[in-house]
Chemist: 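My questions all concern the structure below.
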Amino acid sequence: MICLGIESTAHTFGIGIVDDKGNILANEKDSYTTESGGMIPSEASEHHVEACDKVLANALNKAKIKLQHVDLISFSQSPGLGQALRIGAFFSRSLASQLGKPIVGVNHAIAHLEIGRLRTKAKDPILLYASGANTQVIAYHNRKYRVFGETLDIGVGNFLDSFARHLGLGFPGGPKIYELSLHGKKYIPIPYVVKGMDVSFGGILTNVTRKYDSGKFSKEDLAYSIQETVFAMLVEVSERALAHTRKNELVLGGGVACNLRLKEMAKKMCGDRNAKCYIPENEFLVDNGAMIAWLGILKFKSSGPQKIEECIIKPYERTDDVDVTWYG
Ligand code: ATP
Ligand code: FE2
């Protein structure tokens with residue numbers, strides 16, 4: 001079985017083609033970026049409208065197949081920006097009806113977790129899902145992916161992007177903060193905000209923005225201190241989730257997990273407690289179509305196709321709303 005998966009929750013329009021053995025035949029994408037930073041939802045959706053045909057052609061080319069060879073269409077149904085999600089859902093429904101093939105909608109956060117399990121062979125992990133809009137620590141228990149901890153306000157990636165934008169560094173800001181951090185020489189104390197199992201970044205953003213505006217601190221030192229602080233928060237909550245669930249595998253997911261310092265800190269924590277740290281390749285950490293295609297196969301095989309009228313977007317669906325029928 002070959003599934004074509006369409007990702008469009010936010011800035012990326014991606015198409016992945018995956019077979020039911022887990023082989024990734026193609027994983028193509030095109031992302032909306034801006035010089036000034038930030039993202040305007042209507043521009044992201046316009047980007048997707050313009051990119052979709054080209055990304056589809058690239059993916060089919062890469063996989064060396066024709067559209068008729070596709071057995072299943074899947075798409076990111078939730079959560080995300082309504083205007084962006086709608087383009088992917090519309091495109092997927094059109095393809096499915098044009099080809100007369102079944103269609104399933106999948107949850108984007110769970111797709112990050114499942115592609116992590118596929119690529120790394122982790123069996124029953126905790127997922128640290130650190131992306132732009134989302135920051136969650138997730139694990140399977142009793143037919144649901146439960147959220148053990150999460151951000152109380154913005155995602156860690158949005159936090160990094162907002163600070164980078166304040167420095168005039170453009171979007172996405174995470175990689176630019178990382179580059180700056182390599183030249184940081186001194187740790188500047190900033191708030192460390194862990195509340196129970198949850199984290200919060202809004203107050204830290206205000207704090208570091210004021211520090212930068214005071215002119216007393218270099219942006220390099222601030223970038224370094226920000227990374228040390230917020231990544232320690234994420235790793236602390238992940239460690240407590242491992243201890244609480246008695247699981248011994250951690251998988252990283254989401255674009256922020258491309259950060260080498262976060263990878264290093266997660267590996268160190270796992271090493272210290274004899275757990276395994278699994279990190280998929282960067283192309284599967286960031287938003288991608290392959291993860292949507294793979295979860296489409298898992299969902300279809302366990303619960304069949306969806307009616308086309310059920311294939312509407314669910315921008316606010318939570319990770320723990322989804323019935324997990326395929327786990328094992
Ligand atoms: P989601 O819909 O899952 O919230 P997303 O739309 O934010 O995802 P992703 O591709 O998962 O998309 O993540 C993008 C985020 O990752 C951006 O905030 C970006 O700044 C951040 N990022 C990318 N590379 C790095 C890096 N090397 N270090 C830190 N952050 C990074
Ligand atoms: Fe994502």
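One-based numbering, in listed order, for ligands and for the atoms of each.
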Chemist: Pull out every atom of ligand 1 sitting under 4.0 Å from any heavy atom of T9, numbered as shown with elements.
Modeler: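 Checking each atom against T9, I get 2 (O).
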Chemist: For the pair K267 and E264, find out whether any cationic side-chain nitrogen is under 4.0 Å from an anionic carboxylate oxygen.
Modeler: no
Chemist: Determine, considering heavy atoms only, which of G174, S181, S162 sits nearest to atom 29 (C) of ligand 1.
Modeler: G174
Chemist: Mind reading off the angle at the Fe ion (ligand 2) between the NE2 atom of H108 and the NE2 atom of H112, rounded to 10°?
Modeler: 90°
Chemist: Do E114 and Y145 get their side chains close enough for a donor-acceptor pair, meaning under 3.5 Å?
Modeler: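 Indeed, the side chains of E114 and Y145 share at least one donor-acceptor pair under 3.5 Å.
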Chemist: Taking atom NZ of K176 as the centre, does the number of heavy atoms from other residues, nucleotides or ligands within less than 6.0 Å exceed 12?
Modeler: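 Buried by this count: over 12 neighbours within 6.0 Å.
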Chemist: Please list the nearest protein heavy atom to atom 20 (O) of ligand 1 with its residue and the distance rounded to 0.1 Å.
Modeler: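 For atom 20 (O) of ligand 1, the nearest protein heavy atom is D161 OD1, 2.7 Å.
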Chemist: For G254, is at least one N or O under 3.5 Å away from an N or O on ligand 1?
Modeler: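 No.
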Chemist: Nearest 0.5 angstrom please: L85 CG to I312 CD1, how far?
Modeler: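 Going from CG on L85 over to CD1 on I312, the span is 11.5 Å.
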Chemist: Tell me whether D153 contacts the main-chain N or O of F201 through its side chain, where contact means a donor paired with an acceptor under 3.5 Å.
Modeler: yes
Chemist: If you take all heavy atoms of Q83 and I87, which pair is closest and at what distance?
Modeler: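 Heavy atoms of Q83 and I87 come nearest at O-CG1, 3.5 Å.
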Chemist: Check for me whether P175 has a heavy atom closer than 4.0 Å to any atom of ligand 1.
Modeler: yes
Chemist: Polar contacts were defined as any N/O atom of the residue lying under 3.5 Å from an N/O atom of the ligand; does this apply to Y178 and ligand 1?
Modeler: no
Chemist: Is the closest heavy atom of F171 to ligand 1 under 4.0 Å?
Modeler: no
Chemist: Is ligand 1 less than 4.0 angstrom away from at least one heavy atom of G80?
Modeler: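 No.
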Chemist: So which N/O/S atom does D287 have closest to the Fe ion (ligand 2)?
Modeler: OD1
Chemist: Please could you name the atoms of ligand 1 that A10 approaches to less than 4.0 Å, counting only its heavy atoms?
Modeler: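 It comes down to these atoms of ligand 1: 6 (O).
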Chemist: Would you tell me which option among G255, A109, G173, S76 has the nearest heavy-atom contact to atom 24 (N) of ligand 1?
Modeler: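 Result: the heavy atom closest to atom 24 (N) of ligand 1 is in G255.
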Chemist: What are the atoms of ligand 1, with element, lying closer than 4.0 Å to any heavy atom of P172?
Modeler: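 Ligand 1 atoms under the 4.0 Å threshold to P172: 19 (C), 20 (O).
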Chemist: Evaluate whether atom NE2 of H244 has more than 12 neighbouring non-hydrogen atoms of other residues, nucleotides or ligands under 6.0 angstrom away.
Modeler: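 It does not: H244 NE2 has 12 such atoms or fewer within range.
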Chemist: Identify whether NZ of Lys or CZ of Arg in R117 sits under 6.0 Å from the centre of the six-membered ring of Y327 and within 45° of that ring's axis.
Modeler: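 Flagged: R117 positioned over aromatic ring of Y327.
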